[in-house]
**Q** 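Right, I'll just put the structure down here and ask away after.
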Amino acid sequence: MRTLAKYLRNYKKESILAPFFKFLEVVFDLLVPIVVAQIIDGGIRGGQGDGFIWRRAGVLVLLAVVGLTCTIIAQYFSAKAAVGTATN
């Protein structure tokens, strides 16, 4: 790791932000089953109606968009650090 660290010295920001945004992506991906469980328990079994199901579907879309955004940002910083390290 120390051997690699000397090459990443110029890319500290990217080396920290890439895993951070990947972590955020995982968090949003792990929230999806919870929302689906809410749809099943509250909307279908609980009989709260179509409005509840549509609101939870909107939350699922929002989670997908935010997760995709975090993925793209993580890939950008990861590629930037990788290309810079390979160049050095």
**Q** Do Val32 and Phe28 belong to the same hydrophobic cluster, where Ile, Leu, Val, Met, Phe, Trp and Tyr are linked whenever their side-chain heavy atoms lie under 4.5 Å apart, directly or via other members?
**A**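 Yes, it is one cluster - the side chains of Val32 and Phe28 are joined through contacts under 4.5 Å.
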**Q** Could you check if a side-chain atom of Leu63 sits within less than 4.5 angstrom of a side-chain atom of Asp29, using non-hydrogen atoms only?
**A**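 Side chain of Leu63 against side chain of Asp29, heavy atoms only: no contact under 4.5 Å found.
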**Q** With a 4.5 Å limit on heavy-atom distance, are the side chains of Gln38 and Ile34 in contact?
**A**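 Yes, at least one pair of side-chain atoms sits under 4.5 Å.
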**Q** Side-chain heavy atoms under 4.5 angstrom apart, residues restricted to Ile, Leu, Val, Met, Phe, Trp, Tyr: same cluster for Ile73 and Tyr76?
**A**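 Result: yes, single cluster for both.
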**Q** What pair of heavy atoms forms the shortest contact from Leu24 to Cys70, and how long is it?
**A**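 Looking at all heavy atoms of both residues, the closest pair is CB-SG, 3.8 Å.
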**Q** What is the distance from atom CD1 of Ile39 to atom CG of Leu60, rounded to the nearest 0.5 Å?
**A**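 It comes to 4.5 Å.
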**Q** I'd like a table of donor-acceptor pairs (distance under 3.5 Å, sequence neighbours excluded) in which one partner is a side-chain atom from residues 10-23, with atom names and distances.
**A**
from: Glu14; atom 1: OE2; to: Lys80; atom 2: NZ; distance (Å): 3.3
from: Ser15; atom 1: OG; to: Tyr11; atom 2: O; distance (Å): 2.7
from: Lys22; atom 1: NZ; to: Glu25; atom 2: OE1; distance (Å): 3.1

**Q** Would a hydrophobic clustering, with Ile, Leu, Val, Met, Phe, Trp and Tyr connected at side-chain separations under 4.5 Å, put Leu31 with Leu62?
**A**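 Same cluster: Leu31 reaches Leu62 through Ile, Leu, Val, Met, Phe, Trp or Tyr contacts under 4.5 Å.
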**Q** CD/Gln48 to CG/Asp41 distance, rounded to the nearest 0.5 angstrom?
**A**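 Going from the CD atom of Gln48 to the CG atom of Asp41 covers 10.0 Å.
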